[in-house]
A.B. asks: 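To start, I am sharing the structure in question, which I have written as structure tokens.
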Amino acid sequence: NNMIDYKNNKPFVEGVAIEDIAASYPTPLYIYSQKKIEDKYKKLKNAFNAEIFYAVKANSNQAIIKLMSRLGAGADVVSVGELERAIMAGVNPKKIIFEGIGKTNKDIAFAISNNIRLINVESIDEIQRINKVAKENNKNVDIGIRLNPNIDGQTIDKISTGKKTDKFGIDTDKLQEIFQALENAKYVNLIGISCHVGSQIFNIKVFSEIFIKMKTNAQLFLDKGYLIKHVDLGGGIGVTYRDKDDELDLELIKLELDKCFENVPYQLSFEPGRYLVANAGILVTSVVTIKNNGGINFLITDAGMHSLIRPALYQAHHDIEVVDKSNSELITYSVAGPICESSDILDKNITLPKQKVGNLLLIKDTGAYGKVMASNYNSRGLPVEILVNNNFFQKIHQPLTSQEFIKQDIIPEWLD
Ligand code: PLP
């Protein structure tokens, strides 16, 4: 799980000292390990006989998308912005799938004009709207249907997407309505079905349930005469956020996969995000101040919910490691960000060697849903992102300075 190596008690990523990076760029900053991403991709690709579409939402930096594309992955995008990123990063449009529950006609037209692999529709009305836009553009458009298979991903509620009551996909009880809508949509070709039941799935029985339900549904479409070429089994492959936890065993998923899909006439695919990048990133932060309030020792850091919102939003856990371990005295700390919100806590009651102002802390496993969810809240800047590759490091994102983003506001003349 760990992308950090220690030499003489100093942390390194792929031969680069983290302290050297932190001396070159202001904290908080994200560091990603290219090798770790490559290893995760290869592990997944070798385990499953399936196409991989990287879920760009997990980390949409173009350098990361490009790396995935060079490894052979396609891209799973959920907005025009992500689609533009994937195209700019050089992903072959025929390896891009476009999902998302709120596509406007303008979004659909943009996807059609870029000749992508397919648009995954999430509501019946979307079939009708794609047909209309396709007709206006005099094109036939390939689509997939994202089904809602009514499966409990047995993950935290805020990242569950496959239950009947979740807003995603089309209820599998509505197959007759789907068939009817497709019948009337002459400019639309149905070539695939997909689902995604949530993130951080660890229970093999959940994967098995997904596979069985998707196979059954694919057969229903085939029986109706639709040439289903692609069955996409979603993302959600769980990762560990604690070094002490065991990783998910991909072989167990593979066993279920092979058992379920023997000799099927379609290609299988997955659309993972977190699995490929979460463990390949860390957020480096500096201790700004240290204080004791009501008996609690707070380490106040320059990273907070504006740089990594997962702990505040989902009560997500990230292991935190210190760089300076020289003090043998151990202290129980709560690590909190600088944002004016009580929820801006990165972790509570963790025992660390006694720290000083200016020390570096490493917030681990932050390669997915980290920087992409960062904000300028409290008018603070976004973190720099660094990619490390075999003894080299390079900045892969330069955020706007506060002067630059403040300038984006427009004060109306009547207030002058
Ligand atoms: N596909 C879809 C449709 C999603 O909504 C998501 C995440 O929300 C993913 C794939 C990626 O999920 P994960 O990062 O857990 O693999």
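Each residue takes its place number in the sequence, starting with 1. Just follow the structure's listing: the first ligand is 1, and inside any ligand the first atom is 1.
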A.B. asks: Under 6.0 Å between ring centres, would you say that holds for Phe298 and Tyr333?
C.D. replies: no
A.B. asks: Does the N or O separation between Ser199 and ligand 1 drop below 3.5 Å for any pair?
C.D. replies: yes
A.B. asks: Quick check on contacts: which atoms of ligand 1 are under 4.0 angstrom from a heavy atom of Arg146?
C.D. replies: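 Every atom of ligand 1 under 4.0 Å from some heavy atom of Arg146: 3 (C).
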A.B. asks: With a sphere of 6.0 Å drawn around CG of Asn293, does it hold more than 12 non-hydrogen atoms of other residues, nucleotides or ligands?
C.D. replies: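 Atom CG in Asn293 is packed in, count exceeds 12.
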A.B. asks: Out of all atoms in ligand 1, which are within 4.0 Å of some heavy atom of Asp76? Include the element for each.
C.D. replies: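 Under 4.0 Å from Asp76, ligand 1 has these atoms: 1 (N).
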A.B. asks: Strictly under 6.0 Å, is that where the ring centroids of Tyr41 and Tyr54 end up?
C.D. replies: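 Judged by ring-centre distance (under 6.0 Å), Tyr41 and Tyr54 do not meet the cut-off.
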A.B. asks: Glu122 and salt bridge (charged side-chain N to carboxylate O under 4.0 Å, His left out): which partner among Arg129, Arg146, Lys174?
C.D. replies: Arg146
A.B. asks: At under 4.0 Å between heavy atoms, which part of Val78 makes contact with ligand 1: side chain, backbone, both or neither?
C.D. replies: neither
A.B. asks: Can you confirm if the NZ or CZ of Lys364 lies within 45° of the ring axis of Tyr241 and under 6.0 Å from the centre of its six-membered ring?
C.D. replies: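 Not satisfied by the 6.0 Å and 45° rule.
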A.B. asks: When the ring planes of Phe179 and Phe221 are compared, do they come out parallel, tilted or perpendicular, using 30° and 60° as the limits?
C.D. replies: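 Phe179 and Phe221: perpendicular rings.
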A.B. asks: Return the option from Lys57, His196, Glu122, Arg274 holding the heavy atom at the smallest distance from atom 12 (O) of ligand 1.
C.D. replies: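 Selected option, by shortest heavy-atom distance: His196.
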A.B. asks: Could you check whether Lys7 makes a cation-pi contact with Phe12, meaning its NZ or CZ is under 6.0 Å from the centre of the six-membered ring and within 45° of the ring axis?
C.D. replies: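 Cation-pi check for Lys7 and Phe12: passes.
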A.B. asks: Does the cation-pi check pass for Lys40 over Tyr275, that is, NZ or CZ under 6.0 Å from the six-membered ring centre and within 45° of its axis?
C.D. replies: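 Cation-pi check for Lys40 and Tyr275: passes.
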A.B. asks: Near Ala55, which atoms of ligand 1 are under 4.0 Å from a heavy atom of that residue?
C.D. replies: 9 (C), 10 (C), 11 (C)
A.B. asks: Under 4.0 Å, heavy atoms only, figure out whether ligand 1 is touched by the backbone of Tyr369, its side chain, both or neither.
C.D. replies: side chain
A.B. asks: Can you find an N or O of Glu271 that's nearer than 3.5 Å to an N or O of ligand 1?
C.D. replies: yes
A.B. asks: May I ask you to list the atoms of ligand 1 that are less than 4.0 angstrom from any heavy atom of Gly235?
C.D. replies: 16 (O)
A.B. asks: Using distance alone, decide if ligand 1 has a nitrogen or oxygen within less than 3.5 Å of any nitrogen or oxygen in Gly236.
C.D. replies: yes
A.B. asks: Would you mind running through ligand 1 and noting each atom that sits below 4.0 Å from a heavy atom of Gly273?
C.D. replies: 11 (C), 13 (P), 14 (O), 16 (O)
A.B. asks: Using a 4.0 Å cutoff against the non-hydrogen atoms of Pro272, which atoms of ligand 1 qualify?
C.D. replies: 16 (O)
